[in-house]
Undergrad: 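My questions all concern the structure below.
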Amino acid sequence: MRSAVLVCFLILVPCSLRAQDKKSDWKALYGLRSGEKVELVETNMKKHVGVFSTVTDETIQMREGLNDIGIPKENVARVTVLDKSHRLRNAFLFGAAGAGAGAGIGAATSRCSNSTDTFCGIGRGIAVGLGGLVGLAGGAGIGAAIPSHPTIYRAELAKTNTPQ
């Protein structure tokens with residue numbers, strides 16, 4: 001039991017660290033290359049999709065359609081790079097992992113100690129196949145649902161000075 005808790009903890013620590021990535025650094029936009037397709041959301045929730053041009057300490061420049069636009073730093077809520085989507089790759093990877101896990105669970109549940117178990121009558125091969133199929137579908141669904149476009153910059157929320 002103690003080792004199972006330790007394994008779960010070791011698996012969840014990297015996930016929580018990734019969730020805490022600091023994306024509020026404007027200097028991260030200097031890593032963008034001119035010509036990359038980006039999506040920019042302003043603080044008033046107006047969305048711009050276009051090609052990145054340049055960035056300075058005060059503004060970000062991009063080409064949206066035929067127009068060149070410049071948006072001040074204080075009006076930028078989020079910048080996301082729209083490179084190739086990896087949803088299909090994620091669906092395959094998570095689907096394969098889910099199929100393996102489901103097949104393992106199916107094999108473990110098909111061990112019969114007596115003939116009154118529900119799964120004893122269907123046979124081990126069918127239980128493994130059914131478990132693998134359910135795991136494949138669940139894993140592929142989760143993999144396809146994972147966002148695949150990286151957010152480069154996200155503005156910090158404004159903090160209020162009112163005591164609560």
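The first residue of the sequence shown is numbered 1, and numbering continues consecutively from there.
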Undergrad: Might you point out which heavy atoms bring P150 and T80 nearest each other, and give the distance in Å?
TA: O-CG2, 3.4 Å
Undergrad: Counting C-beta onward and ignoring hydrogens, is there a side-chain heavy-atom pair between R89 and L93 closer than 4.5 Å?
TA: yes
Undergrad: Apply the test side-chain contact (heavy atoms from CB on, under 4.5 Å) to residues R78 and E39: give CA-CA distance (whole Å), side-chain angles for both, the deciding distance (0.1 Å), then the verdict.
TA: CA-CA 8 Å; R78 185 182 73 216; E39 175 187 73; 3.3 Å; yes
Undergrad: Tell me whether L82 shares a hydrophobic cluster with V79, the cluster being built from Ile, Leu, Val, Met, Phe, Trp, Tyr side chains joined at under 4.5 Å.
TA: no
Undergrad: Hey, could you give me the OG1/CG distance between T43 and N75, rounded to the nearest 0.5 Å?
TA: 5.0 Å
Undergrad: R87 side chain to A144 main-chain N or O, any donor-acceptor pair under 3.5 Å?
TA: yes
Undergrad: Calculate, to the nearest 0.5 Å, the distance between atoms OG and CD belonging to S53 and E64 respectively.
TA: 11.5 Å
Undergrad: Please round to the nearest 0.5 Å and tell me the distance separating atom CD of E156 and atom CG of D25.
TA: 9.5 Å
Undergrad: Which pair of heavy atoms, one from M62 and one from V49, lies closest together, and at what distance?
TA: CE-C, 3.9 Å
Undergrad: Rounded at 0.5 Å granularity, tell me how far CG in L40 sits from CD1 in I69.
TA: 7.0 Å
Undergrad: Below 4.5 Å, heavy atoms only, C-beta onward: do L29 and I152 meet side chain to side chain?
TA: yes
Undergrad: Decide side-chain contact (heavy atoms from CB on, under 4.5 Å) for L32 and V55; before the verdict, give the C-alpha distance in whole Å, the side-chain angles of both, and the deciding distance to 0.1 Å.
TA: CA-CA 9 Å; L32 290 173; V55 66; over 6 Å; no
Undergrad: Could you state whether V38 and I71 fall into the same hydrophobic cluster, counting links through intermediate Ile, Leu, Val, Met, Phe, Trp or Tyr residues with side-chain heavy atoms under 4.5 angstrom apart?
TA: yes
Undergrad: Under 3.5 Å, is there a donor on one side chain and an acceptor on the other for D57 and Y30?
TA: yes
Undergrad: For side-chain contact (heavy atoms from CB on, under 4.5 Å), just list the numbers for W26 and K73, CA-CA rounded to whole Å, side-chain angles, deciding distance to a tenth of an Å, and then say yes or no.
TA: CA-CA 8 Å; W26 182 259; K73 176 182 177 179; 3.6 Å; yes
Undergrad: Who passes side-chain hydrogen bond (donor to acceptor under 3.5 Å, both in side chains) against E42, sequence neighbours left out?
TA: H48
Undergrad: Checking T59 now: which residues fulfil side-chain hydrogen bond (donor to acceptor under 3.5 Å, both in side chains) with it, not counting sequence neighbours?
TA: T56
Undergrad: For a 4.5 angstrom cut-off between non-hydrogen side-chain atoms, does V81 reach F52?
TA: no
Undergrad: May I ask you to test the Y153-V76 pair for a side-chain heavy-atom distance under 4.5 Å?
TA: yes
